[in-house]
Amino acid sequence: QVQLVESGGGLVQPGGSLRLSCAATRSIFSINVMGWYRQAPGKQREVVAYITSGASTNYADSVKGRFTVSRDSAKNMMFLQMNSLKPEDTAVYYCNTYPMARISWGPGTQVTVSS
């Protein structure tokens, strides 16, 4: 039903920044908690940040102070500003509802942090 598309990934050096976008085909951000997830090769998918319908946010300890999640409900979009990137941030990043992923996974966007 609802489709999600992530974009904005790329190759950056350690310490660099990227801004990821999540676009939905219909309005969902006002009634769902939305999260950013990532999955590195050989590792489990993990949540790194989420934002509630009231726009409160939370972050995994590994990204706290470096990442910022935001949304624009009118445009059916969510964003993840990623600063001070580290090699361990390398992963495919996805968006979905939180804590349960209730929408079919989108294509994700690759983030590679390497010197």
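These numbers come from a predicted model, not from an experiment. Numbers for residues simply follow the sequence, beginning at 1.
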Undergrad: How long is the span from the SG atom in Cys95 to the CD atom in Glu6, to the nearest 0.5 Å?
TA: 4.0 Å
Undergrad: Only one of Leu11, Leu20, Val92 passes side chain to side chain contact (heavy atoms under 4.5 Å, CB included) with Val111; say which it is.
TA: Leu20
Undergrad: Could you check if a side-chain atom of Gln13 sits within less than 4.5 angstrom of a side-chain atom of Ser114, using non-hydrogen atoms only?
TA: no
Undergrad: Just so I know, are the side chains of Tyr93 and Met82 near enough to count as touching, which here means a heavy-atom distance under 4.5 Å?
TA: yes
Undergrad: In Å and rounded to the nearest 0.5 Å, what is the OG to CE distance from Ser7 to Met77?
TA: 6.0 Å
Undergrad: Mind checking the CG-CE spacing from Leu80 to Met78? Nearest 0.5 Å is all I need.
TA: 8.0 Å
Undergrad: Going from CZ on Phe67 to CG on Asp89, what distance comes out if it is rounded to the nearest 0.5 angstrom?
TA: 4.0 Å
Undergrad: Taking only distance into account, with no hydrogens and no angle test, what donor-acceptor pairs under 3.5 Å do side-chain atoms of residues 41-50 form with protein atoms, sequence neighbours excluded?
TA:
from  : atom 1 : to    : atom 2 : distance (Å)
Glu46 : OE2    : Arg38 : NE     : 2.9
Glu46 : OE2    : Arg38 : NH2    : 3.4
Tyr50 : OH     : Asn58 : ND2    : 3.2

Undergrad: If every non-hydrogen atom of Ser84 is compared with every non-hydrogen atom of Ser17, which pair is closest and at what distance?
TA: N-OG, 4.3 Å
Undergrad: For Lys64, give me all partners under side chain to side chain donor-acceptor pair (under 3.5 Å), at least two apart in sequence or on another chain.
TA: Asp61
Undergrad: Give a yes or no on whether the ring-centroid distance for Tyr37 and Trp105 is below 6.0 angstrom.
TA: yes
Undergrad: Does a side-chain heavy-atom distance below 4.5 Å link Asn96 with Leu4?
TA: yes
Undergrad: Would you give the length of the straight line joining atom OH of Tyr59 to atom OG1 of Thr68, rounded to the nearest 0.5 angstrom?
TA: 4.5 Å
Undergrad: So, is the end of the Arg71 side chain (NZ or CZ) under 6.0 Å from the ring centre of Phe79 and within 45° of the ring's axis?
TA: no
Undergrad: Taking the side chain as every heavy atom from C-beta outward, state whether Phe29 and Asp72 have any atom pair closer than 4.5 Å.
TA: no
Undergrad: Counting only heavy atoms not in Arg102 (residues, nucleotides, ligands), do more than 12 fall under 6.0 Å from its CZ?
TA: no
Undergrad: Do Met34 and Val69 touch side chain to side chain, with heavy atoms closer than 4.5 Å?
TA: no
Undergrad: Indicate whether any N or O donor in one side chain lies under 3.5 Å from an N or O acceptor in the other, for Asn32 and Thr97.
TA: no
Undergrad: How long is the span from the OG atom in Ser70 to the CD atom in Gln81, to the nearest 0.5 Å?
TA: 8.5 Å
Undergrad: Got a sec: does the CD of Gln3 have more than 12 other heavy atoms crowding it under 6.0 Å?
TA: no
